[in-house]
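These notes concern the structure reproduced below.
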There are 2 protein chains.
Amino acid sequence: MTSPAGRTTPEAPTRRAEILAAAAELFARRGFHGASIGDVGRAVGLTGPALYRHFSGKEAVLAEMLLDISQRLHAEGLRRAAEPEPDRALDALLHWHIAFALDNPALITVHERELDNVPEAQRHEIRRLQRAYVEEWVRVLRRLRPGLPEDRTRAAVHACFGLLNSTPYSAAALDRDSMAVLLHTMARSALTTA
Amino acid sequence: MTSPAGRTTPEAPTRRAEILAAAAELFARRGFHGASIGDVGRAVGLTGPALYRHFSGKEAVLAEMLLDISQRLHAEGLRRAAEPEPDRALDALLHWHIAFALDNPALITVHERELDNVPEAQRHEIRRLQRAYVEEWVRVLRRLRPGLPEDRTRAAVHACFGLLNSTPYSAAALDRDSMAVLLHTMARSALTTA
DNA sequence: GGACGATGTTAATCGTCATTAACATCGTCA
DNA sequence: TGACGATGTTAATGACGATTAACATCGTCC
């Protein structure tokens with residue numbers, strides 16, 4: 001063999017994260033079913049079967065990825081929504097979501113599209129967190145616009161996410177900060193006019 | 001055999017359209033690679049191989065689907081953008097895109113996600129039409145907001161599409177007309193504030 | 001009333017893919 | 001220094017899926 005089987009460098013602590021990052025990129029670009037375990041392995045310099053040393057299977061990779069994303073979004077969302085001034089709370093939520101989307105376009109994409117491919121067991125918890133995150137936004141917005149009925153408020157929040165998550169497709173054109181400002185302005189305006 | 005092979009009813013003129021519609025639904029819900037030819041066939045009451053009587057292959061189904069969508073969007077986009085008053089032109093574009101998205105959520109989803117799975121040959125033409133459609137919006141918006149630099153304008157249009165195309169995920173909550181009004185209001189506000 | 005084209009069906013074919021088995025290598029540490 | 005656990009690798013294994021082959025059926029039209 002041209003290269004020995006084992007690796008000398010003990011990059012163990014990063015390995016799982018490395019795999020998750022590569023998988024996110026591939027799942028985002030080609031879809032869960034469009035990226036194979038072999039593709040993911042190759043992306044981190046391994047063969048396909050090697051991934052089974054770190055995850056119990058392909059679905060487990062996706063599940064852990066989505067669970068992590070929804071936890072991060074929800075946890076920080078809770079914090080930001082706690083701001084007493086609803087106007088400031090909304091800005092804080094916007095800043096948070098925009099930063100996350102711009103810094104992790106692949107994660108946002110996968111989070112938005114691939115829930116159905118997560119095994120039942122973990123799907124419920126992820127969905128719960130996603131819903132809870134949305135509800136934080138709804139609560140803040142309702143304090144800001146008490147007249148708006150709840151279902152319309154929720155629909156507006158979903159539409160707003162659509163706007164913010166469009167990042168992966170167009171972020172290339174503008175530098176990060178210009179894009180962040182643009183998205184913030186547009187989203188704020190859309191929500192407060194709804 | 002329990003049922004005869006040939007069909008008596010000459011539903012020939014609809015068959016292709018029927019297949020395209022079923023495929024759109026499945027591709028939207030599960031992704032191009034997540035839906036098999038067998039699934040599509042079953043959805044229209046046929047077996048998988050039967051589809052080859054109507055399309056040269058799975059990719060051809062997707063290609064025809066995306067080509068049709070991008071042509072329809074672009075053709076009508078051209079018409080609406082021709083309105084001399086930029087303010088009215090924008091409203092006309094919004095009405096058109098919103099109606100299309102609300103009436104064809106599956107098509108919008110596939111159009112947005114699956115271009116990479118179209119064979120090169122047809123991909124270029126589809127991309128050209130998609131770009132041209134965006135440019136119609138950009139042109140209108142630039143007349144409306146001359147101060148906004150072109151790249152920011154284009155980014156704003158992309159973000160606006162993200163908002164409008166979020167329809168598939170949340171449209172269930174509101175009736176069609178309320179949703180249309182909501183999206184129109186939000187999008188208009190987002191674009192003119194950008 | 002029989003030949004033909006359009007449409008379908010079921011039975012190969014062939015490749016890809018997830019997953020598992022069997023077999024190294026390396027670092028550690030008793 | 002030698003056994004062991006952690007990580008990898010290369011061969012199975014077993015499904016599944018796209019596509020094609022071989023074989024009906026039906027309606028039409030001469």
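If you're wondering where the values come from, they're calculated on a predicted model, not measured in any experiment. Throughout, protein chains are lettered first and strands after them, A, B, ... in sequence-line order, and every chain is numbered starting at 1.
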Select one nucleotide: of C:dT19, D:dT19, C:dG8, the one nearest the side-chain heavy atoms of A:Tyr52. C:dT19

What is the separation between atom CD on B:Glu18 and atom P on C:dT7, rounded to the nearest whole Å? 13 Å

Under-4.0 Å side-chain N/O to phosphate OP1/OP2 contact, A:His54 with D:dG8: yes

Assigned partner base of D:dT13, Watson-Crick or wobble definition, under 3.5 Å: C:dA18

With respect to the side chain of A:Arg53, which nucleotide from C:dT20, D:dT19, D:dG8 is positioned closest? D:dG8

What is the separation between atom CG on B:Leu46 and atom P on C:dA6, rounded to the nearest whole Å? 17 Å

Give a yes/no answer on whether the side chain of B:Arg15 brings an N or O atom under 4.0 Å of OP1 or OP2 in C:dG8. yes

A:Arg188 bridged to A:Asp91 by N-O distance under 4.0 Å: yes

Using a strict threshold of under 4.0 Å (side-chain N to carboxylate O), is an ion pair present between A:Glu135 and A:Arg139? no

Determine, step by step, whether B:His33 and A:Phe32 satisfy the ring pair (Phe, Tyr, Trp, His ring centres under 6.0 Å) criterion, reporting the C-alpha distance in whole Å, the side-chain angles of both residues, the deciding distance to 0.1 Å, and the verdict. CA-CA 8 Å; B:His33 296 293; A:Phe32 180 71; over 10 Å; no

Using the ring of B:Phe100 (Phe, Tyr or Trp, six-membered ring only), decide whether B:Arg72 places NZ or CZ under 6.0 Å from its centre and within 45 degrees of its axis. no

In this structure, how many angstroms lie between the P atom of C:dC17 and the CD atom of A:Glu59, rounded? 17 Å

Taking OP1 and OP2 of C:dG8, is either one under 4.0 Å from a side-chain nitrogen or oxygen of B:Thr47? no

Are the charged groups of B:Glu136 and B:Arg80 less than 4.0 angstrom apart, N to O? no

Could you identify which residues of residues 27-36 of chain B place a heavy atom less than 4.0 Å from some atom of DNA chain D, listed by residue number, or say none? B:Ala35, B:Ser36

Of the nucleotides C:dT19, C:dT9, D:dA18, which has the atom closest to the B:Ile37 side chain? D:dA18

Between P on C:dT9 and CZ on B:Arg42, what's the gap in Å once rounded to a whole number? 12 Å

Thinking salt bridges, do A:Arg42 and A:Asp39 make one under a 4.0 Å N-O criterion? yes

If you assign B:Gly48 and A:Lys58 each to the DNA chain C nucleotide with the nearest heavy atom, which residue ends up on the more 5' nucleotide? B:Gly48

Expressed as a whole number of angstroms, how long is the span from A:Leu51:CG to D:dT7:C1'? 12 Å

What is the ring orientation for B:Phe161 with B:Tyr133, classed by angle as parallel under 30°, tilted 30 to 60°, or perpendicular over 60°? parallel

So which one's nearest nucleotide on DNA chain C is more toward 5', A:Asp39 or A:Ser56? A:Asp39

